[in-house]
Amino acid sequence: MNQTISVIVPVYNVAQYLPQCVDSILSQDYGDLEVILIDDGSTDPSGEICDQYATRDSRVHVIHQKNGGAAAAKNAGLRIASGDYLTFADSDDYLEPGAYGFLMKTLLKTDADAVQGSFREIYRNRAEEQRISEGIMEGYDYLLRFPKDFSCALLWNKLYRRELFDGVFFEEGHKIDDEYFTFQGFLQPRRVVRTNRVIYNYRKRASSVMSSPESAERLVLDCLDSAAKRRQKILDDLPQLREPFDENYLDVIWYLSGNEGSTERTLQALKESLRDYMREKGRTFPPVYLWRGLAKLFFVPTPRLLALCKRTCKQIDLTDYFD
């Protein structure tokens, strides 16, 4: 068996952080790596830094392409990945020492399809650990965690058997592309190991929470689209699992209705999605805790909803975020 881990790293204008990311990968105690750096049309020295690493280390492979977004970059990496194991890293983040060796050892020992680790959120002046409960999940148990545990949808806190994503690619042209991709890898019965060991450091940057009104609007619409596609996939392929994904879909609609990126367009899209859902035969009735919020979205006119949202949304303090 090919014991190589293919590490896919999309790169775009991160010269300030890229060396720490790549160094943390190449210095892992597990050395059988294929590190694929995809320079997605960077306008800073990021592309040159990628080439420098390829010159120094034969495990590094570089793709230069016109800017097409993170999904296009990751798809380019997927097309050439040759390892039997797969993982991802964002180019402004970095790995903990010994992460890949630990994940591979755990995966092989348990004959798992994937291993999920805990992670740390890194701010300018502090760090917050996001630890998960440990255990082994069988069958569809892990898939059923998706509606209630955001860490399941994260792309970079896991090591996967490559076969989970055979024929699966990221949907391009979206601000959010990881959630639906990751979800598709677990649509078959899987064995997944969860560990509370911290393996990854996620850098909190201002650009991830501060965006133009157009980008903020697109994030809301993409999140709604991802939740809808995830639910539809369940209805088509695994209707016996419908109820938790119905409830999650309604929860997403309610949550997005109060998002700071709300616009008349997003609120109208949420209203229409809720109306369409309520017309469906066999739908799950909304849980009690959502009644008030969904009723407000359903009956309150869009301009008034938008005014309420703008008045109640909290302003984010960016002083603790990286540039």
Side-chain angles (χ1 to χ4, degrees), residues 2-101 103-104 117 119 122 154-160 162 164-165 168-178 181-182 185 199-205 207-208 322-323:
N2 178 359
Q3 297 289 314
T4 301
I5 298 176
S6 293
V7 187
I8 295 177
V9 186
V11 176
Y12 179 70
N13 288 355
V14 285
Q16 181 179 359
Y17 306 115
L18 184 57
Q20 184 179 21
C21 172
V22 181
D23 287 341
S24 75
I25 295 171
L26 296 177
S27 63
Q28 289 289 308
D29 58 351
Y30 190 88
D32 193 357
L33 303 175
E34 174 188 55
V35 184
I36 305 172
L37 306 178
I38 308 97
D39 170 31
D40 189 42
S42 295
T43 57
D44 73 351
S46 294
E48 298 171 16
I49 294 172
C50 291
D51 290 336
Q52 291 167 8
Y53 275 101
T55 299
R56 298 198 300 261
D57 195 314
S58 62
R59 296 174 297 174
V60 177
H61 307 273
V62 179
I63 299 173
H64 296 283
Q65 63 183 35
K66 292 182 179 179
N67 180 250
K74 286 177 282 196
N75 283 339
L78 283 170
R79 291 187 184 97
I80 70 166
S82 62
D84 282 344
Y85 303 92
L86 182 66
T87 192
F88 297 83
D90 285 348
S91 51
D92 49 0
D93 300 335
Y94 55 98
L95 276 293
E96 280 290 290
Y100 289 161
L103 292 174
M104 180 64 89
F119 64 96
I122 306 296
L154 297 176
L155 184 66
W156 33 253
N157 62 337
K158 303 174 184 72
L159 175 67
Y160 315 88
R162 178 66 179 87
L164 269 66
F165 299 106
V168 179
F169 291 93
F170 294 87
E171 292 194 351
E172 300 180 18
H174 296 273
K175 288 286 185 181
I176 297 175
D177 54 58
D178 290 359
F181 175 86
T182 309
I199 63 163
Y200 192 91
N201 294 285
Y202 175 73
R203 192 186 307 274
K204 300 291 283 187
R205 297 181 62 193
S207 59
S208 66
F322 292 89
D323 295 333

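Atom set for the values below is all heavy atoms of this structure, side chains included, hydrogens, waters and symmetry mates excluded.
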Visitor: Heavy atoms, side chains only, cut-off 4.5 Å: are F88 and P10 in contact?
Guide: no
Visitor: Look at the rings of F181 and F165 and say which category their plane angle falls in: under 30° parallel, 30 to 60° tilted, over 60° perpendicular.
Guide: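 Answer is parallel, since the angle falls under 30°.
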Visitor: Could you tell me if D23 and Y94 have a donor-acceptor pair between their side chains, going purely by distance under 3.5 Å?
Guide: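 Absent: no donor and acceptor within the cut-off.
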Visitor: Return yes if some donor-acceptor pair links the side-chain N/O of E34 with the main-chain N/O of A81 below 3.5 Å, else return no.
Guide: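 No, because the side chain of E34 does not come within donor-acceptor range (under 3.5 Å) of the backbone of A81.
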Visitor: On a heavy-atom basis, which atom in D29 and which in G98 lie closest, and how many Å separate them?
Guide: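 D29 and G98 have their closest heavy atoms at OD1-CA, 3.5 Å.
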Visitor: Got a second to check how far I36's CD1 is from S82's OG, nearest 0.5 Å?
Guide: 7.0 Å
Visitor: Check each of L95, T87, L159 against V7 using the side-chain contact (heavy atoms from CB on, under 4.5 Å) test, and report the only one that passes.
Guide: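 Single pass found, and it is T87.
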Visitor: If you define the side chain from C-beta out and look only at heavy atoms, does anything of F322 sit under 4.5 Å from I122?
Guide: yes
Visitor: Distance check, rounded to the nearest 0.5 Å: L86 atom CG versus T4 atom OG1?
Guide: 12.0 Å
Visitor: Output the distance between atom CG (D84) and atom CD (Q3), rounded to the nearest 0.5 Å.
Guide: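 If we round to the nearest 0.5 Å, D84:CG and Q3:CD are 7.5 Å apart.
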Visitor: Do Q20 and R203 have side chains that get closer than 4.5 Å, going by heavy atoms?
Guide: yes
Visitor: Give the minimum heavy-atom separation between L18 and S46, together with the two atoms involved.
Guide: CD2-O, 3.7 Å
Visitor: Keeping Q28 on the side-chain end and E96 on the backbone end, is there a donor-acceptor pair under 3.5 Å?
Guide: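 Confirmed, Q28 side chain pairs with E96 backbone.
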Visitor: Going by heavy atoms in the side chains, are T182 and Y160 under 4.5 Å from each other?
Guide: yes
Visitor: Look up atom NE2 in H61 and atom CG in L37, then write down how far apart they are to the nearest 0.5 Å.
Guide: 9.5 Å
Visitor: Check the pair R162 / I5 against side-chain contact (heavy atoms from CB on, under 4.5 Å), numbers first and verdict last.
Guide: CA-CA 9 Å; R162 178 66 179 87; I5 298 176; over 6 Å; no
Visitor: Heavy-atom distance under 4.5 Å between the side chains of Y53 and I25, does that happen here?
Guide: no
Visitor: Hey, what do you get for OG (S6) to CG (D32), rounding to the nearest 0.5 Å?
Guide: 9.5 Å
Visitor: Can you check whether L103 reaches Y30 side chain to side chain, under 4.5 Å on heavy atoms?
Guide: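 L103 vs Y30: side chains apart.
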Visitor: How long is the span from the CG atom in D92 to the OH atom in Y12, to the nearest 0.5 Å?
Guide: 13.5 Å
Visitor: For Q65 and D40, which I'm curious about, is there any donor-acceptor pair between the side chains at under 3.5 Å?
Guide: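 The criterion, which ignores hydrogens and geometry beyond distance, is satisfied for D40 and Q65.
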Visitor: Enumerate the residue pairs fulfilling salt bridge (Lys or Arg N to Asp or Glu O under 4.0 Å) with a member in residues 53-80, sequence neighbours excluded, ordered by first and then second residue.
Guide: D57-R59, K74-D177, K74-D178
Visitor: Against D93, only a single residue in Y200, W156, Y17, Y202 fulfils side-chain hydrogen bond (donor to acceptor under 3.5 Å, both in side chains); can you say which?
Guide: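 In the set Y200, W156, Y17, Y202, the residue that makes a side-chain hydrogen bond (donor to acceptor under 3.5 Å, both in side chains) with D93 is Y200.
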Visitor: Using a distance-only test with no angle check, is there a side-chain donor-acceptor pair under 3.5 angstrom linking D323 and Q16?
Guide: no
Visitor: Write down the atom of C21, the atom of V9, and the distance for their closest heavy-atom approach.
Guide: SG-CG1, 4.3 Å
Visitor: Is V14 close to R205 at the side-chain level, that is, under 4.5 Å between some pair of heavy atoms?
Guide: yes
Visitor: Is it true that T43 and N13 share a donor-acceptor pair across their side chains at a distance under 3.5 Å?
Guide: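 N13 vs T43: donor-acceptor pair found between side chains.
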Visitor: Is the closest side-chain heavy-atom distance between L26 and V35 below 4.5 Å?
Guide: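 Yes, their side chains come closer than 4.5 Å.
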